[in-house]
Amino acid sequence: MGVNLKDLIPPEAKVVLDDLRVLRGKIVVVDGYNALYQFLAAIRGPDGSPLMDSSGRITSHLSGLFYRTINLVEEGIKPVYVFDGNPPELKIKELERRKALREEAAKKYEEAVKEGDLEAARRYAMMSSKLTSDMVEEAKRLLKVMGIPWVQAPAEGEAQAAFMVRRGDAYASASQDYDSLLFGSPRLVRNLTISGKRKLPRKDAYVEVKPEVIELSKLTEKLGITREQLIDIGILLGTDYNPEGFEGIGPKTALTLIRTYGSIEKIPKGYLRTREEVDVVKIKNYFLHPPVTAEYKLEWIEPDQKGIVEVLVKDHDFNEERVKNAVERLSKAYKEFLKGRQLGLDQWFKKSS
DNA sequence: CATGGTAA
DNA sequence: TTACCATGG
C-alpha cells in the first residue's frame, strides 16, 4: 500500500490540475504495477468478475492500460512505464501479509457469492485481486506494439521512477502511492487520468478526482524538514518495510518528533514502541540508496496497428472495431505530439546542419 | 477504469 | 453540452 503521507501534504506543496495540459510535452514515469493493479481491481462487472478472454485469462489490466495510455498521449504526455523487479528482502514480510489478506478476501468472496450479496462480492473480489507475472508480461507486450517505452527496474519501480526524474530524464513520477517522494522524486503526479469521477467505497456517492502534482522541494520546505527527515517521518508512520509504523504516532506527532529531535535515531526510545523490531537505519538507507539502473532508452515509436490487433483482438478477444478506432486516435496523437521530438539537442543540430 | 450509446 | 448507464472481454 505504501507510505501514507496524505495528511502531511500542505496545500502549498500541491498543484491541483483542471486538465492535463500542464503536462503537455512532459515525460511522465508511470508506476506500472500501481496502474495495472488499479485497473485489475476496478475494471469489473457488478458481481466482481474481471474482464476475461475466451481462454479465461484476465484482461481488465490490458483494457485500462490501453485506453488510459492513449488518453495520456492525446494530452501530449510522453508516458514511460516502470515495472518492479525483485522485491527487496525488507519487503518480504509485507508481501506475505498482503498475500494472507488476499486469501482471506477470496474466502469472503466465495461466501458473498453464495449468499447472493453482489456488493460484498464485488468488494472482496477487488481485495483478492492478484497481479500475476503473466499479466505483467502481456502488459509489456502491449506497450511494445503501442510504441510506448517501459523500463524494467532492478527492484522497486517507485525507486527507479524517482531516479529517472532526479536525473532529469523525466518530469515527474506518477503513482497513487507516495513512496517515490521518499525515494527522492522531485515531482509526483497523482490521479493521472482524465475521467475525473471515482466511486466512494461502500457509498452510493461519487467524488471529483483531479490530477495533482506534488513537488518534493516545496513539501520539505513547507514542512521545514529535509528529505532524510521526510523518510524518518515515513518510517514513523509506516512504510512497506515496516507496515505497522510506530504505536500511537500519526502525521502530527511524527512531524513534531522529527522537528524536535532532528532524526528518528535521536528520538528518546520511550516514544518509539513497535510490536516487532524495526531496523530503522536499514530502511532509511534503502530509501536513500535503492538499486536502480541507468540502462534504459526512452523512445516513443509509431504505433504498430497490426501488432496491437494481434495482442488485443487475436489473443485476447477485444472488439476489433473498438481497438482500431483507439489505434487511430493513438496514431494521430503520436504524429501530433511525439513524432520526431525524441531526439536529443545535439543530434537535432547534426540533423539540421 | 473507460467507452459509447441514449436521454435530457 | 452534459449526465447517466450498461457494457467491455
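A, B, ... follow the sequence lines: proteins, then strands. Residue 1 opens every chain.
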- Looking only at side-chain N and O atoms, does A/R322 come under 4.0 Å of OP1 or OP2 in B/dA2? no
- Fit a plane to each ring of A/Y296 and A/F163, take the angle between them on a 0 to 90° scale, and name the class: parallel (under 30°), tilted (30 to 60°) or perpendicular (over 60°). perpendicular
- Query: Atom CD of A/E74 to atom P of B/dA2: distance rounded to whole Å?
  - Reply: 13 Å
- Message: Is the ring pair A/F183/A/F287 parallel, tilted or perpendicular, if the boundaries are 30 and 60 degrees?
- Response: tilted
- Item | Listed nucleotide nearest any side-chain atom of A/F318, set B/dC1, B/dT3, C/dG9 | C/dG9
- A/Y241 vs A/Y286 aromatic rings, parallel, tilted or perpendicular, using cut-offs 30° and 60°? perpendicular
- Rounded distance in Å - NZ (A/K324) to P (B/dG4): 16 Å
- Would you call A/E137 and A/R141 a salt bridge, using N to O less than 4.0 angstrom? no
- Item | Rounded distance (Å) that lies between atom C1' of B/dA2 and atom CG of A/L312 | 14 Å
- Message: If I take atom CG in residue A/N319 and atom C1' in nucleotide C/dA6, what distance separates them, rounded to the nearest angstrom?
- Response: 15 Å
- Nearest whole angstrom, please: distance from the P of B/dA2 to the CG of A/L65. 11 Å
- Query: Taking CG from A/L192 and P from B/dA2, how many angstroms apart are they, rounded to a whole number?
  - Reply: 9 Å
- Query: Does A/K284 pair with A/E265 as a salt bridge, N-O distance under 4.0 Å?
  - Reply: yes
- Task: Before accepting this row, confirm whether a basic side-chain N of the pair A/K114/A/E111 lies closer than 4.0 Å to the acidic partner's carboxylate O.
- Result: no
- Message: Quick check on B/dA2: is either OP1 or OP2 less than 4.0 Å from any side-chain nitrogen or oxygen of A/R68?
- Response: yes
- Item | Euclidean distance, atom CD1 of residue A/I194 to atom C1' of B/dT3 [Å, nearest integer] | 10 Å
- Query: Could you state the CD-C1' distance from A/E208 to C/dA3, rounded to the nearest angstrom?
  - Reply: 12 Å
- Message: Among residues at least two apart in sequence or on other chains, which ones pass side chain to side chain donor-acceptor pair (under 3.5 Å) with A/Y124?
- Response: none
- Query: Between B/dT3 and A/N71, is there an OP1 or OP2 to side-chain N/O distance shorter than 4.0 Å?
  - Reply: yes
- Item | Residues in contact with DNA chain C, drawn from residues 40-63 of chain A - heavy-atom cutoff 4.0 Å | A/I43, A/R44, A/P50, A/L51, A/M52, A/T59
